[in-house]
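Note that the structure is a prediction, hence the values are computed from the model and not measured. Along the sequence shown, residues are numbered consecutively beginning with 1.
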Amino acid sequence: MQSLQMTIHPGVLHPIEGVTYCEPAQAAQYLRNGGWVDATVGEMLARTAREKPDAMAFWADGEQITVAQLHDQTDRLGAALLKIGLQPGDRAMFQMGTTVQTAVALIACYKAGIIPVCAVPQHREVEIGQLSAQSQPVAYFVQADFSAFDLCAFARRMMDDHRSYRHLIVARGSGGDYSLESLMEGIGPKEAAHLLGRVRLGCGDVLSFQLSGGTTGIPKIIPRFHGEYLGHSKTLTRIHGIVPGSRLIWALPLIHNAGQLYALMPVIWGGIGTVLMSRVDIPSMLELIERLRVTHALSIGPVAPKLLAYDGVSRHDLSSLKLFATMSRSDKLERHLGVPCANLFGITEGLLLGTPGEAPVQARHGSQGTTGCKSTEIRLLQPESEEPVEDGAPGELCFRGPSSLRGYFRNSEASFTSDGLVRTGDLMKAVTVEGVRYYAFEGRLRDNVNRGGEKIGCEEVEGFVCRHPCVADAKLVAMPDPVYGEKGCIYLILNPGALAPSVQALAEFLVGQGLAKFKCPERVEILEEFPVTRVGKVDKPALKRRIADALLRESQS
């Protein structure tokens with residue numbers, strides 16, 4: 001691993017202080033073996049637009065856009081951003097939903113060398129404040145009609161608190177310094193080509209700042225790179241059997257790492273059309289799959305549980321689907337939908353696992369899949385050591401490859417083995433099926449709640465809950481949930497004579513403190529003392545068992 005002060009490989013034309021880059025020799029190897037693509041996102045979209053101009057890029061909310069139109073609009077918006085004063089290497093905060101406008105804004109930034117900070121619209125003062133302080137953004141992109149919450153006014157408050165901001169850009173509404181639409185309309189193709197032609201980017205330059213879920217609650221920024229991201233996306237399509245002519249559907253945040261790798265990048269490098277859904281609506285999703293002949297549905301959140309609860313599947317023709325990939329319970333989903341389903345796994349630090357629809361049933365249902373990349377090394381190690389586990393035993397998933405994290409931006413918290421593999425904090429065991437090695441998820445070592453793919457750091461939430469005047473101490477644990485997989489249950493020790501806050505009252509207090517609403521606990525339990533282990537530490541596994549048992553009893557009563 002190399003820092004900015006050391007040698008940087010030739011693909012980096014705009015080095016950024018605080019970013020850890022790949023060693024030159026390793027970068028050259030990844031380019032040779034196809035782990036990376038020797039191109040930028042802008043160059044790749046231009047190539048695809050020449051080859052497949054009339055291919056449909058996106059369907060969303062009743063609108064359609066071809067690859068040629070996507071290329072033109074992102075050229076004009078990218079050039080307009082340069083014209084108002086943004087420069088390659090500048091950062092831009094993003095709080096936008098899953099829409100065509102989000103795709104256009106992201107790609108425009110990629111073409112201009114502007115680096116999106118990939119927040120989500122649900123983030124509030126705590127997360128945006130920390131991300132702004134870390135990344136020093138110059139621009140702020142928001143979607144005005146995302147929800148009843150006024151994102152424009154919120155962005156203004158954040159901009160007042162952080163002096164780096166200069167421009168508020170609003171999509172699908174008003175209230176900013178510029179609207180997305182007016183910026184595009186104010187510049188012609190020739191001027192756009194001239195302005196973008198002056199930007200020189202390399203395949204090793206930073207593409208975006210993605211965010212990691214962690215246990216401290218402080219958002220950690222993961223730099224992702226042009227050629228690396230393109231290579232990773234191509235690998236993922238091979239894993240899932242996505243080929244030219246495939247058609248995808250995505251109903252979760254496009255701004256997320258998975259959303260961009262699965263739903264955005266295939267359009268850019270392959271002209272593979274994607275159906276975007278701004279919210280999860282199961283009947284609408286199945287209607288779109290049927291009408292648009294979708295071949296691949298990919299989900300990391302609550303889509304699969306909601307599908308399992310939907311009793312109208314038989315009314316839809318799903319024969320076009322070659323694969324529905326989800327986080328878990330793919331066996332039940334396959335029986336319910338009658339199409340091939342498979343589990344998957346992913347972390348923003350650079351590893352995603354999966355299988356194609358034609359893989360053996362044991363691989364699709366009994367594991368999260370395989371990496372599909374020969375350059376990626378995976379080891380299963382004893383927790384808190386570097387000793388490998390025995391075959392078939394669970395161990396901490398550790399990996400290194402073309403897309404693996406080499407260091408968080410301006411943050412030394414990352415955990416690596418002594419020879420540079422990323423320690424994930426996830427427990428896996430190896431499963432061999434027909435001579436292929438797959439990996440099955442066994443649990444997590446880290447202290448967080450995975451609510452439909454959103455990682456909630458327990459320590460962060462506990463700190464906020466302890467600010468409540470009635471609370472002496474608090475411990476957050478994951479409790480099982482049929483829709484989201486997990487939700488947060490907060491165990492409280494109250495101050496003497498204090499009354500316990502309700503779930504709603506506690507949420508109002510926490511949101512008032514600046515915590516994102518989705519992080520608020522969804523059940524409150526009161527204890528006089530926390531259980532402890534033999535060495536005197538709070539026994540969180542015991543708390544998890546306690547709430548799981550309570551939920552089971554309640555379901556049976």
If we ignore hydrogens and angles and just use 3.5 Å, is the side chain of [X] paired with the main-chain N or O of [Y] as donor and acceptor?
{"X": "Arg200", "Y": "Gly197", "answer": "yes"}
{"X": "Thr274", "Y": "Ile249", "answer": "no"}
{"X": "Thr98", "Y": "Leu254", "answer": "yes"}
{"X": "Arg451", "Y": "Val449", "answer": "no"}

Could you tell me whether the side chain of [Y] reaches within less than 4.5 Å of the side chain of [X], counting heavy atoms only?
{"X": "Leu106", "Y": "Ile255", "result": "yes"}
{"X": "Met158", "Y": "Gln95", "result": "no"}
{"X": "Thr40", "Y": "Lys111", "result": "no"}
{"X": "Phe345", "Y": "Leu352", "result": "no"}
{"X": "Met277", "Y": "Met285", "result": "yes"}
{"X": "Asn257", "Y": "Gln210", "result": "yes"}
{"X": "Asp205", "Y": "Phe225", "result": "no"}
{"X": "Thr376", "Y": "Leu351", "result": "yes"}

Kindly give the heavy-atom pair with the smallest separation between [X] and [Y], and that separation in Å.
{"X": "Ile169", "Y": "Leu81", "answer": "CD1-CD2, 3.6 Å"}
{"X": "Leu510", "Y": "Cys520", "answer": "CB-SG, 4.0 Å"}
{"X": "Trp36", "Y": "Pro402", "answer": "NE1-O, 2.8 Å"}
{"X": "Leu333", "Y": "Thr326", "answer": "CD2-CG2, 4.2 Å"}
{"X": "Gly97", "Y": "Gln143", "answer": "N-OE1, 2.8 Å"}
{"X": "Pro356", "Y": "Gly241", "answer": "CB-N, 4.1 Å"}

For [X], salt bridge (charged side-chain N to carboxylate O under 4.0 Å, His left out) partners two or more places apart:
{"X": "Arg76", "answer": "Asp72"}
{"X": "Arg410", "answer": "none"}
{"X": "Arg47", "answer": "none"}
{"X": "Glu43", "answer": "none"}

State which residues pass ring pair (Phe, Tyr, Trp, His ring centres under 6.0 Å) with Phe399; sequence neighbours excluded, sorted by chain then number.
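Checked Phe399 against ring pair (Phe, Tyr, Trp, His ring centres under 6.0 Å); zero matches.
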Name all residues meeting the ring pair (Phe, Tyr, Trp, His ring centres under 6.0 Å) criterion together with Phe409; count only those two or more places apart in sequence or in a different chain, and write none if there are none.
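Partners of Phe409 under the ring pair (Phe, Tyr, Trp, His ring centres under 6.0 Å) test: Phe209.
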Counterpart residues, side chain to side chain donor-acceptor pair (under 3.5 Å), relative to Ser246 (two or more places apart):
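For Ser246, no residue satisfies side chain to side chain donor-acceptor pair (under 3.5 Å) once neighbours in sequence are set aside.
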May I have the list of side-chain donor-acceptor pairs in residues 160-167 shorter than 3.5 Å, sequence neighbours left out?
{"residue": "Ser164", "atom": "OG", "partner": "Pro137", "partner atom": "O", "Å": "2.6"}
{"residue": "Tyr165", "atom": "OH", "partner": "Ser132", "partner atom": "OG", "Å": "2.7"}

Can you label the angle between the Tyr262 ring and the Trp250 ring as parallel, tilted or perpendicular, going by 30° and 60°?
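Rings of Tyr262 and Trp250: tilted, 30 to 60°.
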Qualifying side-chain hydrogen bond (donor to acceptor under 3.5 Å, both in side chains) pairs with a residue from residues 112-126, counting only residues at least two apart or across chains:
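Every candidate side-chain hydrogen bond (donor to acceptor under 3.5 Å, both in side chains) pair involving residues 112-126 fails, so no pair, neighbours aside, qualifies.
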Does any pair with a residue in residues 188-198 pass side-chain hydrogen bond (donor to acceptor under 3.5 Å, both in side chains), and if so which ones, sequence neighbours excluded?
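As it turns out, the side-chain hydrogen bond (donor to acceptor under 3.5 Å, both in side chains) pairs with a partner in residues 188-198, which skip direct neighbours, are Lys83-Glu191.
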Step-by-step side-chain hydrogen bond (donor to acceptor under 3.5 Å, both in side chains) determination, Thr295 to Lys322
CA-CA 5 Å; Thr295 61; Lys322 299 181 183 300; over 6 Å; no
I'd like to know whether CZ of Arg293 has more than 12 heavy-atom contacts from other residues, nucleotides or ligands below 6.0 angstrom.
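Yes.
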Take Gln260 and His232 through the test side-chain hydrogen bond (donor to acceptor under 3.5 Å, both in side chains) and record every step on the way to the result.
CA-CA 11 Å; Gln260 294 194 49; His232 200 184; over 6 Å; no
Do any side-chain atoms of residues 51-65 form donor-acceptor pairs under 3.5 angstrom with protein atoms, and if so which ones, sequence neighbours left out?
{"residue": "Lys52", "atom": "NZ", "partner": "Gly270", "partner atom": "O", "Å": "2.8"}
{"residue": "Asp61", "atom": "OD1", "partner": "Ser278", "partner atom": "OG", "Å": "3.3"}
{"residue": "Glu63", "atom": "OE2", "partner": "Gln101", "partner atom": "NE2", "Å": "3.4"}

salt_bridge(Arg156, Asp177) N-O dist < 4.0 Å:
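Looking at Asp177 together with Arg156, the answer is yes, because their closest N to O distance falls below 4.0 Å.
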Using 4.0 Å as the upper bound for N to carboxylate O, is an ion pair formed by Arg224 and Glu349?
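No.
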How many angstroms lie between atom [atom1] of [X] and atom [atom2] of [Y], to the nearest 0.5 angstrom?
{"X": "Phe324", "Y": "Ile289", "atom1": "CZ", "atom2": "CD1", "answer": "6.5 Å"}
{"X": "Leu207", "Y": "Ile115", "atom1": "CG", "atom2": "CD1", "answer": "8.5 Å"}
{"X": "Leu248", "Y": "Leu292", "atom1": "CG", "atom2": "CG", "answer": "12.0 Å"}
{"X": "Ile378", "Y": "Leu421", "atom1": "CD1", "atom2": "CG", "answer": "9.5 Å"}
{"X": "Gln73", "Y": "Asp75", "atom1": "CD", "atom2": "CG", "answer": "10.5 Å"}

Do any side-chain atoms of residues 147-155 form donor-acceptor pairs under 3.5 angstrom with protein atoms, and if so which ones, sequence neighbours left out?
{"residue": "Ser147", "atom": "OG", "partner": "Phe149", "partner atom": "N", "Å": "3.2"}
{"residue": "Asp150", "atom": "OD1", "partner": "Cys152", "partner atom": "N", "Å": "3.2"}
{"residue": "Asp150", "atom": "OD1", "partner": "Ala153", "partner atom": "N", "Å": "3.0"}

Quick one about Glu454 and His256 (side-chain donor to acceptor, distance below 3.5 Å, no hydrogens or angles considered), yes or no?
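Result is yes, a qualifying pair exists.
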Are Tyr140 and Phe94, when compared by the centres of their aromatic rings, separated by less than 6.0 Å?
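When the ring centroids of Tyr140 and Phe94 are compared, they turn out to be at least 6.0 Å apart.
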